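The basis for the numbers below is simple: all heavy atoms, side chains too, and nothing from hydrogens, waters or symmetry mates. All values derive from a computational prediction rather than experimental measurement.
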There are 2 protein chains.
Amino acid sequence: MLQHHATITQTAIPGSRHGTAVGTTKDQSIKLKANETIYSEGEHALAIYQVETGAVRIYRLMASGQRYILTFCGEGEWFGLETGNVRTDFAEAVCEASIKPFRTNQNAVVPVDLLHIALTNLAKAQHKQLVITEQSALKRVAAFVCEMADRHPDDLEFDMMMSRSDVADYLGLTVETVARCFTKLREKGVLCLKGKLQRIVRLLDRDALIALTI
Amino acid sequence: MLQHHATITQTAIPGSRHGTAVGTTKDQSIKLKANETIYSEGEHALAIYQVETGAVRIYRLMASGQRYILTFCGEGEWFGLETGNVRTDFAEAVCEASIKPFRTNQNAVVPVDLLHIALTNLAKAQHKQLVITEQSALKRVAAFVCEMADRHPDDLEFDMMMSRSDVADYLGLTVETVARCFTKLREKGVLCLKGKLQRIVRLLDRDALIALTI
DNA sequence: CGTAAGGTTGAGGTAACTCAAGCTCGGTGG
DNA sequence: CCACCGAGCTTGAGTTACCTCAACCTTACG
């Protein structure tokens with residue numbers, strides 16, 4: 001939708017403006033505004049990305065129009081590695097973010113361990129299956145907060161950045177249920193919420209939070 | 001628990017009896033009886049496997065004792081590729097099966113494309129997330145039957161091999177709900193069930209089945 | 001013949017969904 | 001400056017779908 005992606009989409013070659021060297025780490029990082037599209041379903045997949053700052057959501061649209069968020073990628077995490085050379089999902093910035101592209105041409109030897117990235121993402125996907133099927137909504141939300149908290153091991157206050165509807169589409173719940181669960185977590189004294197949009201979490205009882213996820 | 005696995009577990013080196021060549025395809029295939037264990041959580045991961053005949057279930061046990069089946073592997077599919085060198089899940093034969101091991105020593109160049117296997121498994125895991133979160137139980141069971149049917153593109157009658165409780169633990173449902181869904185599929189004229197254990201499916205209306213999964 | 005395993009069916013409870021309303025906060029236009 | 005509106009979040013009331021518990025059926029096996 002936004003300026004520089006009009007050039008990347010479909011026919012244009014993503015990353016081509018970044019120089020001719022194959023798989024070089026010299027590719028410039030890309031600055032993104034909140035909700036800016038990185039790639040869409042059906043496009044050619046010619047690059048993978050590493051998040052430098054901010055967060056990215058990877059999602060699919062089901063036939064019903066329902067959005068399902070497969071994963072959120074935080075700082076240092078990789079996304080965009082596909083089986084084929086066509087995108088099967090969408091990638092958007094959750095908030096202001098910066099990402100670094102790495103082109104993955106057919107035979108190019110990329111200076112990163114693709115297998116390791118694939119296996120890490122597989123492990124993440126498997127863990128998510130467990131979270132989703134351990135049915136209680138409160139458990140799922142607690143697991144989500146835990147996941148976010150793990151990205152800030154030192155701070156006990158952090159910004160989730162995702163909206164309630166992001167969280168809902170990630171956990172397979174409704175917005176209302178997510179809100180009620182956050183309220184319950186607040187009532188239980190596990191955390192408190194700050195900020196205009198109530199997206200800043202201050203952990204009050206990390207152990208209790210972890211206990212809830214079991 | 002069974003004869004040849006007592007030797008493979010823990011201290012022994014899996015596959016060592018198969019010769020010294022690293023990553024050779026000469027490893028003999030392993031015959032398994034129904035419900036025989038292939039590996040368990042915590043063991044060293046020194047081999048990956050390809051299913052030759054039959055089917056394998058990969059699962060985890062949650063703290064609550066609940067079993068969750070991550071995936072079923074059918075003929076030609078690979079399993080056992082892990083991020084670290086320690087098993088994070090269990091693998092068992094669903095029925096009589098035969099699998100072929102490939103050792104993956106530290107620097108060994110295995111004669112298979114590990115990245116491709118990892119990406120295929122990642123795609124499977126992502127697809128399963130969608131199936132699980134599209135909440136209706138009937139949809140999930142329909143998607144499961146579809147998945148099984150896709151393994152037999154030519155036949156409209158095939159043996160699922162999994163028990164109702166396998167299916168339940170795979171889809172995050174209860175046995176009773178799964179049974180009720182199969183009954184509904186029968187009542188709708190989508191399929192009929194045969195065999196002593198009602199595990200043989202005869203597809204009557206493939207299109208209707210697919211329509212149910214949407 | 002009794003028991004156990006796997007499957008199906010019924011009745012009742014409960015957690016999450018749906019629909020609706022209300023709140024706060026910003027932005028926009030009169 | 002104030003009024004209005006929309007986005008995002010929360011809360012309440014009613015409904016529905018799945019889970020739980022229980023009974024029953026068939027088949028295999030000791």
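Between A:T177 and C:dA16, a side-chain N or O to OP1/OP2 separation shorter than 4.0 Å is absent. Distances shown here put every side-chain N or O of B:S163 at or beyond 4.0 Å from the OP1 or OP2 atom of C:dG6. Look at A:T174 and you'll find a side-chain N or O under 4.0 angstrom from OP1 or OP2 of C:dC17. Residue A:S165 has no polar side-chain atom (N or O) positioned under 4.0 Å from OP1 or OP2 of D:dG8.
Judged by distance alone, with hydrogens and angles left aside, A:E176 brings a side-chain donor or acceptor within reach of the base of C:dC19, the pair sitting under 3.5 Å.
Atom NZ of A:K194 is separated from atom C1' of D:dT10 by 20 Å (rounded to the nearest Å). Whole-Å rounding puts the A:K196 NZ to D:dG8 P distance at 9 Å. One atom, CD of A:E134, and another, P of D:dC19, lie 15 Å apart when rounded to the nearest Å. Atom-to-atom, CD1 of B:I132 to P of C:dA16 comes out at 17 Å; the value is rounded to the nearest Å. Rounded to whole angstrom, the span from the CG atom of B:L173 across to the C1' atom of C:dG7 amounts to 16 Å. The CZ atom of A:R186 sits 13 Å away from the P atom of D:dC9 (whole-angstrom rounding). Whole-Å rounding puts the A:M162 CE to D:dG8 P distance at 16 Å. To the nearest angstrom, C1' of C:dG7 lies 11 Å from CG of B:L193.
Listed for the A:K33 side chain is no donor-acceptor partner under 3.5 Å among the backbone atoms of A:A97.
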message: Please evaluate residues B:Y59 and B:Y170 with respect to the criterion side-chain contact (heavy atoms from CB on, under 4.5 Å), reporting the C-alpha separation (whole Å), side-chain torsions for both, the decisive distance (0.1 Å), and the verdict.
response: CA-CA 9 Å; B:Y59 67 94; B:Y170 178 66; over 6 Å; no
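Of the candidates C:dT8, D:dG8, D:dC18, C:dT8 carries the atom nearest the B:R164 side chain, counting heavy atoms from C-beta on. When distances are taken from the side chain of A:L197 to each of C:dG7, D:dG8, C:dA16, the shortest belongs to D:dG8. Set against C:dG7, D:dA22, D:dT10, the side chain of B:Q198 has C:dG7 as its closest nucleotide. Of the candidate nucleotides D:dG12, D:dT10, C:dG6, D:dG12 has the atom lying nearest to any side-chain atom of A:R180. Distances were taken from every side-chain heavy atom of A:T183 (C-beta onward) to each of D:dT10, C:dC19, C:dT9; the shortest belongs to D:dT10.
Heavy atoms of A:R199 sit under 4.0 angstrom from primed sugar atoms or phosphate atoms, though from no base atom. Backbone-only engagement by A:G172 is indicated by non-hydrogen atom pairs under 4.0 Å involving sugar-phosphate atoms exclusively.
Of the charged side-chain nitrogens involved, at least one lies within less than 4.0 Å of a carboxylate oxygen, so that A:R60 and A:D89 count as a salt-bridged pair.
Checking B:K128 against B:T71 by side-chain atom types alone, no donor-acceptor pair falls below 3.5 Å.
Taking the ring centre of B:F72 as origin, the terminal cationic atom of B:R57 falls outside the region bounded by 6.0 Å and 45° from the ring axis.
Open room surrounds CD on B:E96; 12 or fewer heavy atoms of other groups in view lie less than 6.0 Å from it.
Annotation: of the two residues near DNA chain C, A:K184 and B:V178, the 5′-most nearest-nucleotide partner is B:V178.
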